[in-house]
Visitor: 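Could you have a look at this structure, given as structure tokens, before my questions?
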Protein chains: 2
Amino acid sequence: MNTDQIGGFLHEKGVKPSFQRIKVYEYLMNNKEHPTVENIYRDLIKEIPTLSKTTVYNSLNTFIEKGVVQAISIDGNEMRYDLYERRHGHFKCEVCGRIYDFLPPKEAYEELEALEGFLITDRQIYLKGVCKNCR
Amino acid sequence: MNTDQIGGFLHEKGVKPSFQRIKVYEYLMNNKEHPTVENIYRDLIKEIPTLSKTTVYNSLNTFIEKGVVQAISIDGNEMRYDLYERRHGHFKCEVCGRIYDFLPPKEAYEELEALEGFLITDRQIYLKGVCKNCR
DNA sequence: TTCTTGAGTTGTAATCATTACAAGATTGGC
DNA sequence: GCCAATCTTGTAATGATTACAACTCAAGAA
Ligand SMILES: [Mn+2]
Ligand SMILES: [Mn+2]
Ligand SMILES: [Zn+2]
Ligand SMILES: [Zn+2]
């Protein structure tokens, strides 16, 4: 996806595609390691010297509202961000801090839909432990 | 469970059962609505006027380390706490803010164990949406 | 019992992620 | 081009959590 395509996509999703928002979205497309706001800001400011951290927060919150991005709160102290694409779970290694994607079996998610009388807008499966590399 | 029984239980789990720790644990036993540190502190200080909020944090972190309490980070900005009893998931209503327990089908959790090469020490399933009462 | 020592508690200060807010910039429709 | 609405920016405020150092407590040795 190039800049125009991202703009079109965001527009479809009800997000006005400003320059900054396109850059933030693009960043998440190219950086799948669940970056923090700080990560995003420190990298993007190289390209956009006038960028404000508040704009990163604002953009992400708009994306979340419109359902194109998900916030990952697996880490009690800072949020991580990820595109809302195919459903997957997240595993955080307590040693190296990395957050891995994993695909829980379809059943895990399908069964979660079974709750009656509750409107579900977001589902997250978080695992913690020690990753393969760190054992 | 009375005070002595809680003390015995904590001792078994490797936690020295101080007066304050017993009170915090007892609070979690009697208040299953996933309280915040603030909730715990504001209620317990009525009984223990010398209590420090730091002690609440310290006690909870000790409990978590020893596996008798779980931290719930479904809410990006403040932690909630819950005894580590039978496995269950948490649903947060975005309207009233309440956090509900629910029992995902056994399979959901069992399948999560299937990750190879990773040591798993904690699993959390979080749903968000609107609860029955608030629709 | 008294002493000693390590662990637990307390209060305050520091940290740091996130939001609030107001002023300035931008954009799209008239 | 002009206007109103929206977006961006910088700074200040908020608030949860941790750091730290002094104090207290409890258990074991002498
Ligand atoms: Mn992911
Ligand atoms: Mn619960
Ligand atoms: Zn690791
Ligand atoms: Zn509700």
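The chains referred to below are lettered A, B, ... by the order of the sequence lines, with proteins before strands, and numbering in each begins at 1.
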Visitor: Under 4.0 Å from any heavy atom of chain B: name the first and the last nucleotide of DNA chain D that qualifies, 5' to 3'.
Guide: D/dA16 to D/dA19
Visitor: Report, as yes or no, whether the 6.0 Å neighbourhood of atom NZ on A/K132 holds more than 12 heavy atoms from other residues, nucleotides or ligands.
Guide: no
Visitor: Output the residues of residues 15-47 of chain B in contact with DNA chain C, where contact means a heavy atom of the residue under 4.0 Å from an atom of the strand; sort by number or write none.
Guide: B/K16, B/S18, B/Q20, B/R21
Visitor: Taking the inter-plane angle between the rings of B/H90 and B/Y126 on a 0 to 90° scale, is it parallel (under 30°), tilted (30 to 60°) or perpendicular (over 60°)?
Guide: tilted
Visitor: Report the C-alpha distance between A/N39 and A/T36 in whole Å, list the side-chain angles of each, state the deciding distance to 0.1 Å, and finish with yes or no for side-chain hydrogen bond (donor to acceptor under 3.5 Å, both in side chains).
Guide: CA-CA 5 Å; A/N39 295 149; A/T36 63; 3.0 Å; yes
Visitor: Relative to the 5' end of DNA chain C, which residue comes earlier, B/I48 or B/G76, by the nucleotide with the nearest heavy atom?
Guide: B/I48
Visitor: Shortest non-hydrogen contact from B/Y81 to B/V37?
Guide: CE1-CG2, 3.6 Å
Visitor: Are the side chain of A/Q70 and the backbone of A/L83 linked by a donor-acceptor contact shorter than 3.5 Å?
Guide: yes
Visitor: Between residues 50-65 of chain B and DNA chain C, which residues have a heavy-atom gap below 4.0 Å?
Guide: B/T50, B/L51, B/S52, B/T54, B/T55, B/N58
Visitor: Using atom CD of B/E78 as one end and atom P of C/dT18 as the other, report the distance to the nearest whole Å.
Guide: 14 Å
Visitor: Salt bridge (charged side-chain N to carboxylate O under 4.0 Å, His left out) between A/K53 and A/E38: does it pass, once the steps are laid out?
Guide: CA-CA 8 Å; A/K53 199 180 281 187; A/E38 187 67 20; 2.5 Å; yes
Visitor: Please give me the minimum heavy-atom distance between A/G76 and B/M79, naming the atom from each residue.
Guide: CA-CE, 3.1 Å
Visitor: Would you call the rings of B/Y25 and B/F63 parallel, tilted or perpendicular, taking 30° and 60° as the class edges?
Guide: perpendicular
Visitor: Do B/H34 and B/D101 pass the side-chain hydrogen bond (donor to acceptor under 3.5 Å, both in side chains) test, and can you show the C-alpha distance, the side-chain angles, and the key distance before you say yes or no?
Guide: CA-CA 9 Å; B/H34 314 102; B/D101 286 340; 2.8 Å; yes
Visitor: Testing the basics here: between B/D43 and B/Y27, what is the closest heavy-atom pair and its distance to 0.1 Å?
Guide: OD2-OH, 2.6 Å
